[in-house]
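As the structure lists them, so they are numbered: ligands from 1, and atoms in each ligand from 1. Source: prediction; values computed, not measured.
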Amino acid sequence: MKKNYDVAVFQGDGIGPEIMAPTLEILRQLSRGSPSYELAFTDAPAGAGHYTKTGESFPAGSLETARNADAILLSAMGLPDVRYPDGTEISPQIDLRKKLGLFAGVRPVKVSSGQITPLALPPGKEIDFVLIRESTEGLFFTQGAGEVTEHEARETLLITREVSEKLFRFAFELAKNRKASGRGQGRVTCVDKANVFRAFAFFRSIFDMEAARHPDLKADHAYVDATALWMVQKPWEFDVLVTENMFGDILSDLGAGLMGGLGLAPSADIGLNHAVFQPCHGSAPDIAGQGIANPFAMILSAAMMLEWLGFTHDHPDLSSDGERLREAVEKVTANGQNLTRDLGGTAGTKGAAASVLEAMRA
Ligand code: ATP
């Protein structure tokens with residue numbers, strides 16, 4: 001008897017539906033082939049295109065679909081020329097983070113040997129770390145509500161004990177699991193600016209309290225500026241990094257750069273009861289409709305979803321299929337055949353996705 005999992009699907013804007021279609025096809029094939037789980041997909045309309053058609057960017061029904069699902073798969077959303085009357089962009093993914101309390105933005109940065117990277121990695125070195133970005137407060141707290149007068153502008157950074165405790169608990173838990181699966185040293189680094197801002201000294205003190213509960217794991221601190229330097233100079237030394245929202249926003253793009261670009265960068269936004277999986281990149285309207293978008297970040301996000309479902313439901317088949325899917329993308333990327341243009345190849349979206357399926361069967 002197969003166990004059912006409901007997945008809410010936000011097809012998104014621009015290249016969103018183009019990269020979602022082959023990803024769902026891969027997930028359907030895995031689900032059909034599995035003796036123990038069945039994935040069911042429900043579309044949740046939202047985004048800039050939906051706003052243009054209906055005047056609504058995030059219908060209540062779509063939020064309900066997301067709330068009731070076991071996991072949420074989201075492609076890129078928003079279009080630069082479709083905006084609310086106040087000039088801000090349409091980004092239901094940010095509403096989702098707040099409404100579902102998705103405090104942990106998980107951004108894995110992985111470069112296996114053979115994979116394209118702008119760095120010259122020393123022989124035998126691979127990059128494999130996870131950046132956790134707090135996603136509901138920090139400098140994004142007053143997003144859309146900053147005060148602007150003729151002479152000055154103010155935004156407020158908020159760090160709360162409640163969210164920071166959940167965030168650090170999550171970070172140490174992740175480091176423990178990575179260590180157990182042989183992927184990490186069991187080390188968590190708190191990235192902050194505690195030498196300058198009281199708010200970050202507060203952030204760090206909460207980190208230290210959580211660290212004290214994990215004598216089996218290593219815990220240390222790094223300033224955000226030094227972290228940016230080390231991400232370029234010695235990124236293979238990191239394991240789990242945890243940081244504030246805006247710092248994480250910036251460092252995660254640096255991480256994507258290490259992986260050869262946004263087309264390979266997956267992400268997850270995780271809370272206590274819900275999780276959204278989506279590529280780090282935007283809707284890339286400049287290449288939409290041409291069939292050339294790189295589907296790998298979307299597929300890797302789907303792989304993270306399977307691993308997370310497997311972990312939270314104690315369902316090893318799901319976790320191992322997630323791992324297989326991630327490894328298949330890594331194989332195709334390292335092999336250098338069937339890559340899309342952003343990675344220097346000539347393949348289209350469908351061809352690149354098909355090669356992942358082939359690699360998984362091999
Ligand atoms: P957002 O602010 O919504 O995150 P952005 O302004 O960062 O978006 P993206 O939409 O991510 O911009 O696109 C940045 C550049 O990267 C564009 O030139 C786009 O074509 C390219 N790009 C993004 N995603 C992909 C992809 N999956 N495949 C190929 N190129 C991509």
- Task: Indicate, as side chain, backbone, both or neither, the part of L262 found under 4.0 angstrom from ligand 1 when only non-hydrogen atoms are considered.
- Result: side chain
- Query: Mind checking whether H315 and Y5 have parallel, tilted or perpendicular rings, split at 30° and 60°?
  - Reply: tilted
- F203 ring center near F197 ring center (under 6.0 Å): no
- Which heavy atom of the protein is the closest neighbour of atom 28 (N) of ligand 1, given with residue, atom name and distance? N294 N, 2.9 Å
- Note on the structure: Nearest heavy atom to atom 8 (O) of ligand 1, choosing from P80, A293, G282, belongs to G282
- Item | Residue pair T160 / E137, side-chain donor-acceptor N/O under 3.5 Å | yes
- Check each of H281, M298, E18 against atom 24 (N) of ligand 1 and report the one with the nearest heavy atom. H281
- From atom 2 (O) of ligand 1, is the closest protein heavy-atom distance below 4.0 Å? no
- Task: Can you label the angle between the F200 ring and the F247 ring as parallel, tilted or perpendicular, going by 30° and 60°?
- Result: parallel
- Message: Keeping E89 on the side-chain end and L79 on the backbone end, is there a donor-acceptor pair under 3.5 Å?
- Response: no
- Distance from atom 30 (N) of ligand 1 to nearest protein heavy atom, with residue and atom: I287 CD1, 3.5 Å
- Message: With the threshold set strictly below 4.0 angstrom, can you tell me whether any protein non-hydrogen atom sits that near atom 12 (O) of ligand 1?
- Response: no
- Would you kindly specify which portion of I292 sits under 4.0 Å from ligand 1, judged on non-hydrogen atoms: side chain, backbone, both or neither? neither
- Query: Looking at I15, which atoms of ligand 1 are within less than 4.0 Å of one of its heavy atoms?
  - Reply: 26 (C), 27 (N)
- Message: For Q29 and R361, which I'm curious about, is there any donor-acceptor pair between the side chains at under 3.5 Å?
- Response: yes
- Nearest non-hydrogen protein atom to atom 17 (C) of ligand 1, with distance, is D286 OD2, 3.5 Å
- Message: Side chains of H313 and Y37: any donor to acceptor distance under 3.5 Å?
- Response: no
- Query: Considering only heavy atoms, does S283 approach ligand 1 within less than 4.0 Å through its side chain, its backbone, both, or neither?
  - Reply: backbone
- Item | Among R178, K179, R183, salt bridge (Lys or Arg N to Asp or Glu O under 4.0 Å) partner for D239 | R178
- Query: Starting from atom 21 (C) of ligand 1, which protein heavy atom do you reach first, and at what distance in Å?
  - Reply: A284 CB, 4.4 Å
- Please indicate, with yes or no, if any protein heavy atom is found under 4.0 Å from atom 5 (P) of ligand 1? no
- Regarding R133 and the six-membered ring of F140, is the cationic atom NZ or CZ under 6.0 Å from the ring centre and inside 45° of its axis? yes
- Item | Under 3.5 Å: N/O of P285 near N/O of ligand 1 | no
